[in-house]
Peer 1: 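One structure follows; several queries about it will come next.
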Amino acid sequence: MSEITYIRGDATAPAGKGVKVIAHVCNDMGGWGKGFVLALSRRWPEPEKAYRAWHRDRAKNGFALGAVQLIQVDRHLWVANMIGQHGTRTGSKGVPVRYEAIGTALTELADEALALGASVHMPRMGCGLAGGKWSRVEPLISERLAGRGIPVTVYDHGQDSAP
């Protein structure tokens with residue numbers, strides 16, 4: 001069993017050696033333009049292009065809440081686009097985050113990470129624009145990733161945040 005490591009830094013520049021996967025939450029509406037995805041797009045065009053194509057062809061490719069798309073951006077670096085929020089705005093149905101979908105996506109991500117021999121790196125996903133609570137997301141990460149022996153690093157970018 002691994003633990004979650006918390007560090008201050010940039011999740012788009014993951015620390016350590018070996019194969020790494022940067023995991024983050026996307027919406028199910030095809031929107032890519034606010035939050036962590038902007039930092040990803042500044043470094044690599046591929047995750048956004050792949051996400052937009054995945055959404056565009058969604059009728060025939062499994063694009064849905066809980067789905068994961070893995071995109072290789074460097075020799076030992078992948079980005080996991082995980083569909084874990086419904087829509088983009090808080091409204092009558094609450095916040096966009098969908099914890100069950102994040103849990104499903106993390107289970108699939110764990111299988112992929114184990115096959116790659118990869119560690120997983122992320123911001124406090126689902127807790128920014130998606131409106132989620134870390135107290136609900138962290139146990140999913142502990143169970144689905146760390147609980148299967150996958151090293152996980154969570155990055156806090158410039159703010160004072162304790163786990």
Side-chain angles (χ1 to χ4, degrees), residues 1-28 32 34-44 46-48 50-51 54 62-86 95-163:
M1 174 135 168
S2 289
E3 293 189 19
I4 300 172
T5 301
Y6 292 86
I7 65 172
R8 186 167 318 284
D10 181 356
T12 67
K17 297 190 184 309
V19 179
K20 299 177 207 71
V21 176
I22 299 169
H24 71 108
V25 169
C26 300
N27 65 67
D28 63 355
W32 182 292
K34 290 184 178 179
F36 183 70
V37 298
L38 294 177
L40 286 173
S41 291
R42 278 193 292 273
R43 287 204 188 254
W44 311 281
E46 298 91 348
E48 178 180 358
Y51 170 79
W54 190 28
F63 180 97
L65 284 169
V68 178
Q69 180 188 51
L70 223 55
I71 303 97
Q72 189 168 11
V73 294
D74 206 344
R75 184 167 168 222
H76 297 294
L77 186 60
W78 300 75
V79 172
N81 291 336
M82 303 188 315
I83 310 301
Q85 73 179 71
H86 178 61
V95 295
V97 71
R98 295 295 180 264
Y99 299 109
E100 185 176 314
I102 290 174
T104 299
L106 287 170
T107 297
E108 183 178 334
L109 176 60
D111 293 341
E112 298 284 352
L114 288 168
L116 291 168
S119 55
V120 175
H121 304 257
M122 66 184 72
R124 290 185 189 241
M125 62 179 188
C127 298
L129 296 172
K133 296 187 182 327
W134 189 245
S135 61
R136 300 267 316 265
V137 176
E138 183 186 44
L140 295 170
I141 295 164
S142 292
E143 176 190 332
R144 312 282 168 105
L145 296 176
R148 292 183 64 189
I150 299 163
V152 177
T153 303
V154 175
Y155 295 75
D156 286 316
H157 196 183
Q159 74 265 17
D160 282 327
S161 295

Peer 1: So how far is it from Glu3 CD to Ile141 CD1, rounded to the nearest 0.5 Å?
Peer 2: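 Between Glu3 CD and Ile141 CD1, I get 14.0 Å after rounding to 0.5 Å.
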Peer 1: Measuring only between side-chain heavy atoms, which start at C-beta, is Trp78 closer than 4.5 Å to Val120?
Peer 2: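 No, too far: nothing below the 4.5 Å cut-off.
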Peer 1: State whether the side chain of Arg98 and the backbone N or O of Val95 hold a donor-acceptor pair below 3.5 Å, judged by distance alone.
Peer 2: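 Side chain of Arg98 to backbone of Val95: a pair is present.
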Peer 1: Would you check if Glu48 and Val37 make a side-chain contact, meaning some heavy-atom pair closer than 4.5 Å?
Peer 2: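 The answer is no; the side chains never approach within 4.5 Å.
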Peer 1: Starting at CG of Leu65, measure out to SG of Cys26 and round the result to the nearest 0.5 Å.
Peer 2: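 With rounding to 0.5 Å, CG (Leu65) is 11.5 Å from SG (Cys26).
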Peer 1: Would you name the heavy atoms of Ala146 and Val152 that are closest together and state the gap between them?
Peer 2: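 Looking at all heavy atoms of both residues, the shortest contact is N-CG2, 4.2 Å.
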Peer 1: Table please: side-chain donor-acceptor pairs of residues 125-132 below 3.5 Å, with sequence neighbours left out.
Peer 2:
none

Peer 1: Do Glu46 and Tyr51 have side-chain atoms, one donor and one acceptor, less than 3.5 Å apart?
Peer 2: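 Looking only at side-chain atoms, Tyr51 and Glu46 do not form any donor-acceptor pair under 3.5 Å.
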Peer 1: Identify, with sequence neighbours excluded, every residue that meets side-chain contact (heavy atoms from CB on, under 4.5 Å) alongside Ser119.
Peer 2: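 Scan of Ser119 (side-chain contact (heavy atoms from CB on, under 4.5 Å), adjacent residues dropped) gives Lys20, His121, Pro151.
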Peer 1: When you compare the side chain of Val21 with that of Leu116, does any pair of heavy atoms fall below 4.5 Å?
Peer 2: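 Leu116 reaches Val21 side chain to side chain.
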Peer 1: Roughly how far, to the nearest 0.5 Å, is NZ of Lys133 from OH of Tyr99?
Peer 2: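 Atom-to-atom, Tyr99:OH and Lys133:NZ are 6.0 Å apart.
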Peer 1: Between Asp10 and Arg43, does the salt bridge (charged side-chain N to carboxylate O under 4.0 Å, His left out) criterion hold? Intermediate values first, please.
Peer 2: CA-CA 12 Å; Asp10 181 356; Arg43 287 204 188 254; 3.3 Å; yes
Peer 1: Do Thr153 and Pro14 have side-chain heavy atoms sitting under 4.5 Å apart?
Peer 2: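 Not in contact.
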Peer 1: On a heavy-atom basis, which atom in Ser142 and which in Ile4 lie closest, and how many Å separate them?
Peer 2: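 Shortest heavy-atom contact: OG-CD1, 3.4 Å.
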Peer 1: Which heavy-atom pair separates Trp54 from Ala67 by the least distance, and what is that distance?
Peer 2: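 Shortest heavy-atom separation between Trp54 and Ala67 comes out as CZ2-CB, 3.6 Å.
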Peer 1: Under 3.5 Å, which donor-acceptor pairs link side chains of residues 101-115 to any protein atom two or more places apart or in another chain?
Peer 2:
| unit_1 | atom_1 | unit_2 | atom_2 | d |
| --- | --- | --- | --- | --- |
| Thr104 | OG1 | Glu100 | O | 3.1 |
| Thr107 | OG1 | Gly103 | O | 3.1 |
| Thr107 | OG1 | Arg144 | NH1 | 3.1 |
| Asp111 | OD1 | Arg148 | NH1 | 2.9 |
| Asp111 | OD1 | Arg148 | NH2 | 2.9 |

Peer 1: Measure the CG-OG1 distance between Leu38 and Thr12 for me, rounded to the nearest 0.5 Å.
Peer 2: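 Going from the CG atom of Leu38 to the OG1 atom of Thr12 covers 11.5 Å.
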Peer 1: Going by heavy atoms in the side chains, are Phe36 and Arg124 under 4.5 Å from each other?
Peer 2: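 No, too far: nothing below the 4.5 Å cut-off.
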Peer 1: Is there side-chain contact between Leu40 and Val79, with at least one heavy-atom pair below 4.5 Å?
Peer 2: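 SC-SC contact between Leu40 and Val79 confirmed.
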Peer 1: For residues Asp28 and His86, is any side-chain donor paired with an opposing acceptor at under 3.5 Å?
Peer 2: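 Yes, side-chain donor-acceptor contact under 3.5 Å.
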Peer 1: Are the side chains of Pro123 and Val154 in contact, using a 4.5 Å heavy-atom criterion?
Peer 2: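 Of all side-chain heavy-atom pairs linking Pro123 with Val154, none is under 4.5 Å.
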Peer 1: Grab the two heavy atoms, one from Trp32 and one from Ser41, that are nearest each other, plus how far apart they are.
Peer 2: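 Taking every non-hydrogen atom into account, NE1-OG, 2.8 Å.
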Peer 1: Considering only heavy atoms from C-beta outward, does the side chain of Asn81 approach that of Phe63 to under 4.5 Å?
Peer 2: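 The answer is no; the side chains never approach within 4.5 Å.
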Peer 1: Which heavy atom of Ile71 sits nearest to which heavy atom of Ala50, and what is that distance?
Peer 2: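 It is CG1-CB, 3.6 Å.
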